[in-house]
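This structure is a prediction, so every number in the text was calculated from the model and none was measured. Here is how names work: the chains are called A, B, and so on, in the same order as the sequence lines, proteins then strands, and each is numbered from 1.
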Amino acid sequence: MKKIEAIIRTSKFEEIYKCVAGLGVKFLTFYDVKGMGMEHAKSQTYRGVAYEPAYIPRTKLEIVTVEELVEPVVNCILTVGKTGEVGDGKIFIYEVLEAHRIRNTERGEEAL
Amino acid sequence: MKKIEAIIRTSKFEEIYKCVAGLGVKFLTFYDVKGMGMEHAKSQTYRGVAYEPAYIPRTKLEIVTVEELVEPVVNCILTVGKTGEVGDGKIFIYEVLEAHRIRNTERGEEAL
Amino acid sequence: MKKIEAIIRTSKFEEIYKCVAGLGVKFLTFYDVKGMGMEHAKSQTYRGVAYEPAYIPRTKLEIVTVEELVEPVVNCILTVGKTGEVGDGKIFIYEVLEAHRIRNTERGEEAL
Amino acid sequence: MNQEMFTINNLWMMVATILVFIMHLGFASLEAGLTRAKNTVNILFKNTIIPAIGLLTYGFIGFNLMYPGDAFSGGFLGLTGLGLTLPEGWDTFAYNEGYTFYTDFIFQAMFAATAATIVSGAVAERIKLGPFIFFSILYVGICYPIVGMWKWGGGFLDTLDVPFYDFAGSTIVHSVGGWGALVGAYLLGPRLGKYTAKGMSAIPGHNIPMATIGVFLLWFGWFGFNGGSVLSADPGTVSLVFVTTAIAGAAGAFGALITSYLKFKTYDITMVLNGILAGLVGITAGADQMGIGEAAIIGFIGGTLVVFAVVFFDRIKIDDPVGAISVHLVGGIWGTLAVGLFGNLAGYQQVISQLTGIGAVGVFCFLFSWIIFFSMKRTMGIRVEEKEELEGLDINEHSMRAYPDFATKE
Amino acid sequence: MNQEMFTINNLWMMVATILVFIMHLGFASLEAGLTRAKNTVNILFKNTIIPAIGLLTYGFIGFNLMYPGDAFSGGFLGLTGLGLTLPEGWDTFAYNEGYTFYTDFIFQAMFAATAATIVSGAVAERIKLGPFIFFSILYVGICYPIVGMWKWGGGFLDTLDVPFYDFAGSTIVHSVGGWGALVGAYLLGPRLGKYTAKGMSAIPGHNIPMATIGVFLLWFGWFGFNGGSVLSADPGTVSLVFVTTAIAGAAGAFGALITSYLKFKTYDITMVLNGILAGLVGITAGADQMGIGEAAIIGFIGGTLVVFAVVFFDRIKIDDPVGAISVHLVGGIWGTLAVGLFGNLAGYQQVISQLTGIGAVGVFCFLFSWIIFFSMKRTMGIRVEEKEELEGLDINEHSMRAYPDFATKE
Amino acid sequence: MNQEMFTINNLWMMVATILVFIMHLGFASLEAGLTRAKNTVNILFKNTIIPAIGLLTYGFIGFNLMYPGDAFSGGFLGLTGLGLTLPEGWDTFAYNEGYTFYTDFIFQAMFAATAATIVSGAVAERIKLGPFIFFSILYVGICYPIVGMWKWGGGFLDTLDVPFYDFAGSTIVHSVGGWGALVGAYLLGPRLGKYTAKGMSAIPGHNIPMATIGVFLLWFGWFGFNGGSVLSADPGTVSLVFVTTAIAGAAGAFGALITSYLKFKTYDITMVLNGILAGLVGITAGADQMGIGEAAIIGFIGGTLVVFAVVFFDRIKIDDPVGAISVHLVGGIWGTLAVGLFGNLAGYQQVISQLTGIGAVGVFCFLFSWIIFFSMKRTMGIRVEEKEELEGLDINEHSMRAYPDFATKE
Ligand SMILES: Nc1ncnc2c1ncn2[C@@H]1O[C@H](COP(=O)(O)OP(=O)(O)O)[C@@H](O)[C@H]1O
Ligand SMILES: Nc1ncnc2c1ncn2[C@@H]1O[C@H](COP(=O)(O)OP(=O)(O)O)[C@@H](O)[C@H]1O
Ligand SMILES: Nc1ncnc2c1ncn2[C@@H]1O[C@H](COP(=O)(O)OP(=O)(O)O)[C@@H](O)[C@H]1O
């Protein structure tokens with residue numbers, strides 16, 4: 001089992017979700033994170049003082065899935081999540097030792 | 001050292017925390033995440049238009065702990081976190097290479 | 001490639017970011033988390049009833065980087081993030097199997 | 001009396017009417033601000049529909065019940081018809097030197113809903129919407145006007161040898177609401193998690209700015225509530241009432257500030273806000289009978305009492321999220337009594353009459369509320385299910401959120 | 001007439017002016033509350049600048065266009081000068097028994113901006129700031145006063161055999177705004193994601209408490225809007241208008257509550273809020289011609305209509321975030337018609353005249369708005385870019401956020 | 001004079017009093033909206049307690065200090081007693097043709113607190129609560145009435161050959177507050193992180209809707225502030241004042257809109273809000289002496305000045321979170337001067353008198369504030385500790401949060 005973590009543009013979430021769902025990924029977790037990177041946030045002005053919010057709001061996606069699905073899921077994100085402009089984000093893959101479904105005591109791959 | 005990540009029902013956090021604390025887990029980190037899964041969010045209506053919030057608010061729990069405690073902690077979550085209904089969530093286990101306590105320079109297991 | 005996860009005092013983020021940026025870490029992700037630990041939140045009073053918020057708001061830092069940088073980055077956090085008082089937080093290191101840059105199809109270390 | 005003076009008086013009464021109207025927004029804001037974000041739509045819904053109920057029921061029956069006419073003077077109850085029937089010369093000073101028939105009705109109608117609004121704060125975050133609306137209709141449409149008739153309608157409290165005195169309604173309006181609040185909060189029981197094994201827990205209001213806006217609007221409207229109760233634009237009396245009303249509110253703020261600081265060692269704005277209201281409720285019964293000094297004393301004591309009252313009701317586990325019972329019932333009783341202790345009417349006999357009024361109104365409102373709430377509790381039930389209460393009433397009773405774009409805790 | 005009575009009348013007209021002024025805060029709060037957090041600064045900016053536009057343009061040309069004098073009675077258009085020129089005895093009852101020249105101007109000026117404010121709600125969350133301000137200046141400065149002249153300025157609608165009747169402006173004010181709203185919303189097209197392939201999606205307002213505050217303030221101000229339209233402090237008429245205004249609003253709340261509950265099986269506070277407004281808009285045309293019962297019926301029907309209207313406009317894909325078209329156009333037409341169906345003026349001839357007025361005003365405002373919006377659309381463009389709309393107008397048109405300290409979704 | 005006219009005048013003065021009262025809610029909302037969420041309870045607490053302080057101190061000593069009687073005419077200071085003593089015929093036009101003694105007191109008392117409220121905005125987010133309250137009591141109870149006596153109490157500014165003219169208090173009220181704000185902000189120093197090595201950083205207000213509500217309420221109340229300063233319901237004068245007040249505010253909005261857009265290339269609503277206030281402050285001194293055109297010019301210039309002023313004070317590192325100094329001090333000076341430049345009183349002599357007044361008041365208030373703030377700074381300290389400022393005053397001074405259910409940043 002592998003965990004796929006992707007930091008994506010918040011605006012791309014919908015599309016990416018559709019794509020991976022198409023691959024049969026029924027579960028995923030996501031949340032708002034703040035990113036520091038190449039891209040810089042749109043500057044704001046308040047009472048004459050211009051300032052640049054330190055970070056960019058992004059969405060982090062977490063999908064734990066089986067070997068076979070890693071490749072296709074990553075491709076979904078790479079193709080759908082891409083605009084070609086700085087700020088598209090990254091994908092990271094990790095090893096997962098074990099998984100449990102809380103509802104019943106299924107474990108391992110069928111818990112996914 | 002292992003990291004236990006659990007996506008649980010927000011309403012179950014209190015109980016689960018009590019349970020793991022009982023096992024001597026003094027530290028843990030948690031935060032709000034959004035989940036896509038089998039369970040679906042309660043539908044809402046606004047000015048005659050019914051709609052279903054895309055995701056379910058959930059809580060993600062992170063506990064880094066020693067081998068011996070993994071089993072009992074997981075059991076806590078499995079037993080206390082369970083309602084038997086779709087939506088109970090999952091637990092994932094990962095390997096942790098190293099740990100540091102920032103306050104002093106303790107590292108490894110005694111940093112937990 | 002390694003992933004460095006640090007749970008730090010929210011107030012220390014700025015300094016730590018400066019420090020790691022100095023090491024050439026161009027990218028990082030961070031977000032607000034809630035911590036349970038040794039330190040306890042400042043108690044509040046409302047209409048005569050004193051209460052203690054269950055958790056402490058903290059910031060979680062995620063940096064995926066190459067072997068060589070792990071040591072220096074960790075040192076940054078240990079030195080800059082330290083107040084010596086309970087509540088300074090922890091650092092955890094994980095293995096990263098693979099990385100992709102969404103913008104172009106770079107992968108592995110040059111994707112960082 | 002001449003047409004000019006009549007027109008002036010009527011003008012002031014109409015302006016006062018508008019001021020009383022905006023108090024409903026004051027209540028809505030205060031109650032929403034002192035409760036949780038997950039129940040905000042619900043509390044606003046109630047406070048929006050209540051004035052509507054008040055206006056309609058008062059037009060249908062309330063006004064007639066409250067002012068049945070001389071035939072029933074000294075009585076307990078009277079009714080001579082439903083709806084509004086324009087009397088002869090309704091729009092001349094033949095009807096009344098201070099106002100036309102319609103001004104009379106609308107000014108009174110704006111008062112009516114207040115009673116129910118007070119209750120809504122105390123039963124917030126756990127009562128079912130249907131039963132609450134049902135209660136409100138009966139309480140505003142029947143209980144309030146009957147009590148009002150006892151004094152303002154020339155009923156028995158008005159014909160005591162030393163007549164019971166309640167200028168603008170410390171008892172007739174505020175205590176009436178307060179009793180309903182007490183019964184409702186008691187029969188509902190506390191909000192989940194309020195009083196636990198390990199003691200009392202705080203459930204902070206979610207929006208202090210709203211609560212503050214609410215209290216300022218209430219104070220603003222109170223100038224119409226008390227000032228209009230002069231029932232004319234008489235320069236001397238109305239300006240006196242303005243001064244006592246303003247000073248009592250200010251003194252109430254300090255009473256609560258000092259008391260709460262001494263008790264809790266913290267500057268609790270919600271207590272100061274309650275203190276202002278308690279000062280205002282306190283002066284309401286004798287606003288035209290006090291001097292500036294007496295107004296200050298009455299307000300200060302009102303502000304002090306409210307802090308103790310809030311703590312007291314918490315101790316006996318009656319959960320009142322906004323402090324409505326402490327402000328309106330305790331403050332109302334205090335203010336009514338104060339008429340016998342300070343000012344022009346002070347005197348032993350007056351104290352007796354005041355106690356008579358407080359008691360009579362208390363018993364009646366308590367029973368009235370008890371009967372309605374209790375029978376509903378036994379039948380349809382008055383409290384939402386545990387799961388609904390935990391998730392919040394907004395999503396469950398209104399399938400809507402008050403702040404959908406914000407990340408709210410829980 | 002004597003100086004005392006003149007002073008009283010003028011006093012009431014000035015108080016009414018202030019009440020109408022605060023309605024602009026009501027609109028601002030309501031519209032901000034029913035739209036998304038990312039567009040809040042933008043909607044507030046518009047609603048803040050609109051009254052300023054109204055006051056200045058009305059002083060520069062509007063007042064003259066609307067009241068060109070007897071020379072143009074029975075006409076369509078007249079103008080005798082720009083700016084304000086003090087007539088002889090402007091501050092005596094020689095000018096008018098109800099008010100001075102300046103009171104006349106300022107009361108009317110406060111009305112003027114309303115038309116544009118109504119539009120701003122319907123075009124919210126997607127219109128460019130520049131074009132909107134440009135439209136507002138023309139609509140408030142030229143369209144509104146021309147239409148107003150037709151009736152209140154002694155124009156042709158006022159000189160029909162059976163004169164068109166519109167007491168405080170169901171048509172002259174509210175429909176005028178409503179037509180502009182309709183055209184604007186139509187030419188702009190719906191907000192992104194509102195009507196998708198898989199059907200309609202809801203875009204919830206971000207701050208229900210603000211919306212509620214807005215409606216209460218509007219109701220509050222409406223007592224001045226309708227009450228001031230009596231143009232004197234006449235006790236009978238003004239108090240009657242107060243009663244009909246209050247009752248219609250209350251009945252509107254129930255009309256919408258019941259209708260929306262039956263249709264949607266939920267207690268939708270935004271519908272109740274719209275219902276109150278629809279009831280108020282409905283009574284506006286005949287506030288001085290109805291009894292309490294008729295006011296209740298008119299308000300109730302208004303509240304019912306608004307629910308159907310909101311659903312209808314959604315179905316035909318005209319996206320009106322705050323329901324401005326349903327409240328002000330539909331409600332305005334209903335109220336104007338109601339004058340022919342209920343109350344003192346009811347009658348076949350009156351219905352014809354009312355329809356004439358509704359039609360004439362509708363055609364003119366529709367064309368006027370269409371020409372401006374359409375030509376702007378073809379030239380500078382009236383809609384923000386897709387990216388801006390998604391990110392929000394606040395950050396893009398104002399480079400600012402309404403709630404920078406809060407974690408907002410999206 | 002007759003009883004009818006007296007009653008009308010008094011009625012208007014009482015209504016004006018209520019309007020001035022609600023301005024305190026306006027200040028509270030504006031200041032809370034333009035500061036950060038972590039300091040909201042604190043700012044609201046101050047703005048709630050200030051009117052209470054104002055009413056009580058003014059009753060205790062302020063009113064006597066401000067109106068010591070003819071014995072002191074032409075003087076600098078006078079006091080004949082404490083508390084309020086009812087004069088003969090206090091409630092008849094023998095006392096004054098415009099109002100009763102109590103109306104006189106309460107109208108003036110509502111003004112008093114304004115001075116301190118203005119200060120609270122400028123010192124927000126870093127001042128200790130205790131010292132601020134202490135300062136407010138002295139400033140409202142002593143400094144303000146002494147200055148007021150100079151002009152309105154018949155003091156030396158009123159007896160100049162060409163009397164200093166300040167109709168409703170551009171200098172007497174607004175500048176007085178402005179000077180205290182300047183001194184306080186200067187002695188406290190800027191908020192942490194406001195002026196850093198790498199230049200100025202923005203600290204955005206946390207709730208723009210609240211700020212907007214605040215400004216509308218202030219404008220609303222200003223009709224009573226200026227209109228009531230006529231001290232009678234005189235139709236001509238009051239309606240003129242209404243027009244100049246409305247137009248100046250509107251013009252101020254445009255002055256700020258255009259200036260800030262040209263300077264910053266963005267539509268900054270906070271500048272427009274400040275511009276409205278600056279326009280209002282500007283017209284306050286001569287509201288009864290200007291025509292509509294002059295009002296527009298004065299307001300427009302006021303709105304323009306405020307933008308430059310905000311930038312200027314930022315440049316000299318005087319940190320004023322809400323722009324109180326720019327609005328009330330700069331605007332107040334401008335408005336006072338304008339009386340000598342425009343309108344009926346325009347003239348060289350008048351300019352001199354205006355400058356005399358501005359100068360005298362400035363020197364006195366500056367010194368008064370400096371002495372209090374400086375001595376407190378040297379003793380108890382006036383600024384919260386760094387850690388408290390970073391965490392926020394709410395949690396540290398009030399151990400409470402303004403929005404506990406919301407996820408707030410930082
Ligand atoms: N090595 C990393 N560790 C943690 N987060 C990262 C890393 N690289 C990128 N990110 C996250 O991804 C986001 C996208 O980075 P971005 O500047 O868009 O990179 P790119 O140059 O690929 O467009 C960053 O804001 C940051 O949140
Ligand atoms: N494979 C996974 N990867 C990431 N998150 C997951 C995964 N499986 C489940 N989750 C998270 O757990 C939550 C609970 O899923 P749920 O539908 O309750 O599963 P179950 O069928 O076990 O009840 C989901 O909403 C999602 O946030
Ligand atoms: N083993 C752990 N697993 C998950 N989170 C942890 C762990 N240890 C510490 N944390 C996080 O770090 C935060 C800091 O803990 P703290 O009490 O400050 O530790 P210390 O004693 O080192 O100061 C905790 O609030 C918690 O959020």
Review point. Rounded to the nearest 0.5 Å, how far does CG of C:Leu112 lie from CZ of A:Phe92?
Key: 6.0 Å
Check your understanding: For A:Tyr94 and C:Tyr94, what are the C-alpha separation, side-chain angles and deciding distance, and is it a ring-ring contact (aromatic ring centres under 6.0 Å, His included)?
Key -> CA-CA 8 Å; A:Tyr94 308 86; C:Tyr94 307 88; 7.4 Å; no
Exercise for review: Please round to the nearest 0.5 Å and tell me the distance separating atom CD of C:Glu98 and atom CD of A:Glu71.
Suggested key: 9.0 Å
Exercise for review: Under 4.5 Å heavy-atom distance to chain A, tell me which part of C:Lys3 shows up: side chain, backbone, both or neither.
Suggested key: side chain
**Study point:** Interface moiety of A:Glu85 toward chain C, non-hydrogen atoms closer than 4.5 Å
**Key:** backbone
Study note, to complete from the structure: If one checks every heavy atom of C:Val96 against chain A at 4.5 Å, the contacting part turns out to be both
Check your understanding: Which bit of C:Ala111 comes within less than 4.5 Å of chain A, counting heavy atoms only: side chain, backbone, both or neither?
Key -> backbone
Review point. Where does A:Val86 contact chain C at under 4.5 Å (heavy atoms): side chain, backbone, both or neither?
Key: both
Check your understanding: Quick one: are A:Lys34 and C:Phe30 in side-chain contact, heavy atoms under 4.5 Å?
Key -> yes
Review point. Is there a side-chain contact between C:His100 and A:Val74, using heavy atoms and a 4.5 Å cut-off?
Key: yes
**Study point:** Interface residue of largest heavy-atom contact number with chain C, from A:Gly87, A:Gly84, A:Gly89, under 4.5 Å
**Key:** A:Gly89
**Study point:** chain C contact via A:Lys2 - side chain, backbone, both or neither, heavy atoms under 4.5 Å
**Key:** side chain
Practice item. Give the member of A:Ile91, A:Ile7, A:Thr83 that has the highest number of heavy-atom pairs under 4.5 Å with chain C. Key: A:Ile91
Check your understanding: Checking heavy atoms, do the side chain of C:Glu106, its backbone, both or neither come under 4.5 Å from chain A?
Key -> neither
Review point. Quick one: CG on A:Leu78 to CZ on C:Arg107, what's the gap to the nearest 0.5 Å?
Key: 8.5 Å
Exercise for review: Would you name the heavy atoms of C:Ile102 and A:Lys90 that are closest together and state the gap between them?
Suggested key: CD1-N, 3.8 Å
Review point. Among C:Thr29, C:Val25, C:Leu28, C:Val20, whose side chain to side chain contact (heavy atoms under 4.5 Å, CB included) with A:Met36 holds?
Key: C:Leu28
